[in-house]
Amino acid sequence: QVQLVESGGGAVQAGGSLRLSCAASGRTFSSYAMGWFRQAPGKEREFVAARSWSGHNIYYTDSVKGRFTISRDNTKNTTYLQMNSLKPEDTAVYYCAADRWGSGSDLPSMYDYWGQGTQVTVSS
């Protein structure tokens, strides 16, 4: 069993930055792929970024490429999402997720564990 806890959300103005953290429990964290998803009010959950357990495969949705960076520190069992040049359309609840098969994916159904989410609000 893996438990995920996100933190780092908040309210910022457009153009600002935030770094989300996702702390994972469990000794096998390093073998999991990690992903970030977001859900805005009235919309479906959408993929943001994913990183395979090895780091060889990293994926971003087009709208965040060049602005967001996913990383992980296996010594701290933590995955990060650095978000720069934030836009109002980035406003959503952000969720981290763990894929025990390690490859990473943009499909929510491929992930086995989810955090509770952290709110990000970007004002214009």
Side-chain angles (χ1 to χ4, degrees):
Q1 187 76 8
V2 173
Q3 291 186 325
L4 304 174
V5 179
E6 301 99 333
S7 62
V12 296
Q13 291 190 330
S17 298
L18 285 172
R19 188 177 79 158
L20 305 183
S21 299
C22 174
S25 64
R27 292 176 292 178
T28 58
F29 170 77
S30 60
S31 67
Y32 286 64
M34 299 299 297
W36 286 95
F37 291 77
R38 65 187 180 187
Q39 188 166 18
K43 295 187 177 181
E44 292 187 352
R45 189 168 299 190
E46 67 169 347
F47 169 75
V48 176
R51 183 184 178 100
S52 65
W53 72 271
S54 66
H56 289 161
N57 297 314
I58 298 176
Y59 313 96
Y60 297 98
T61 192
D62 286 346
S63 63
V64 308
K65 286 179 180 177
R67 300 188 299 123
F68 291 12
T69 302
I70 186 171
S71 62
R72 64 192 295 166
D73 184 342
N74 289 336
T75 65
K76 298 181 178 180
N77 278 10
T78 301
T79 297
Y80 304 98
L81 185 69
Q82 178 66 44
M83 305 186 296
N84 299 327
S85 302
L86 282 161
K87 304 175 180 180
E89 51 263 44
D90 295 319
T91 295
V93 177
Y94 283 71
Y95 300 88
C96 68
D99 164 17
R100 62 183 173 177
W101 299 111
S103 60
S105 173
D106 60 353
L107 298 175
S109 60
M110 296 300 291
Y111 291 82
D112 303 285
Y113 304 101
W114 292 83
Q116 82 289 348
T118 186
Q119 177 70 47
V120 172
T121 303
V122 185
S123 59
S124 58

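Predicted model only: the values in this text are computed from it and were never measured. For the numbers below, each heavy atom of this structure counts, side chains included, while hydrogens, waters and symmetry mates do not.
- A donor-acceptor pair is defined here as one N or O able to donate and one able to accept, closer than 3.5 Å; no such pair exists between the side chain of Gln13 and the backbone of Ser123.
- Between atom CD of residue Gln1 and atom OH of residue Tyr113 there is a gap of 5.0 Å, rounded to the nearest 0.5 Å.
- Annotation: salt bridge (charged side-chain N to carboxylate O under 4.0 Å, His left out) contacts of Asp106 (sequence neighbours excluded): none.
- In this structure, the side-chain contact (heavy atoms from CB on, under 4.5 Å) partners of Ala11, at least two apart in sequence or on a different chain, are Thr121.
- Taking CD from Glu89 and OG from Ser63, the interatomic distance works out to 8.0 Å, rounded to the nearest 0.5 Å.
- Residue Ser21 comes nearest to Thr78 through the heavy atom pair CB-CG2, 4.2 Å, listed as atom of the first residue, atom of the second, then distance.
- Taking Asp90 as the reference, Arg38, Arg67 meet the side chain to side chain donor-acceptor pair (under 3.5 Å) condition, with sequence neighbours excluded.
- When all heavy atoms of Met34 and Ala98 are compared, the pair lying nearest together is SD-CB, 3.7 Å.
- Here Met110 sits in one hydrophobic cluster together with Phe37, Phe47, Tyr59, Val93, Tyr95, Leu107, Tyr111, Trp114; the rule is ILVMFWY side chains under 4.5 Å apart, joined directly or through other members.
- Scored by the side chain to side chain donor-acceptor pair (under 3.5 Å) test, Thr75 finds Asp73 as partners (sequence neighbours excluded).
- Under a 4.5 Å side-chain heavy-atom cut-off, the cluster of Ile, Leu, Val, Met, Phe, Trp and Tyr residues that includes Val120 is completed by Val12, Leu18, Leu20, Trp36, Val48, Ile58, Tyr60, Val64, Phe68, Ile70, Leu81, Met83, Leu86, Tyr94, Val122.
- For the atom pair OH of Tyr80 and OG of Ser71, the computed distance is 7.0 Å after rounding to the nearest 0.5 Å.
- In this structure Arg19 satisfies the salt bridge (charged side-chain N to carboxylate O under 4.0 Å, His left out) test with no other residue, sequence neighbours excluded.
- The disulfide bond (SG atoms under 2.5 Å apart) analysis of residues 8-50, with sequence neighbours excluded, yields the pairs Cys22-Cys96.
- Ser17 meets the side-chain contact (heavy atoms from CB on, under 4.5 Å) test with Gln82, Asn84; sequence neighbours excluded.
- Annotation for Ala24 and Val2: closest pair CB-CG1, 4.3 Å, computed over non-hydrogen atoms.
- Residue Pro88 comes nearest to Ser124 through the heavy atom pair CG-CB, 3.9 Å, listed as atom of the first residue, atom of the second, then distance.
- Considering CH2 of Trp101 and CG of Asp112, their distance stands at 8.0 Å, rounded to 0.5 Å.
- Residue pairs meeting the salt bridge (charged side-chain N to carboxylate O under 4.0 Å, His left out) criterion with at least one member in residues 56-65, sequence neighbours excluded: Asp62-Lys65.
- In terms of the side chain to side chain donor-acceptor pair (under 3.5 Å) criterion, residue partners of Asn74 (sequence neighbours excluded) are, by chain and number, Arg72.
- Rounding to the nearest 0.5 angstrom, the gap separating the CZ atom in Arg51 from the OG1 atom in Thr79 is 8.5 Å.
- Ser52 meets the side chain to side chain donor-acceptor pair (under 3.5 Å) test with Ser54; sequence neighbours excluded.
- The main-chain N or O of Ala92 is never found under 3.5 Å from a side-chain atom of Gln39 such that the two would form a donor-acceptor pair.
- Atom CD of Gln3 has 12 or fewer heavy atoms from other residues, nucleotides or ligands within 6.0 Å.
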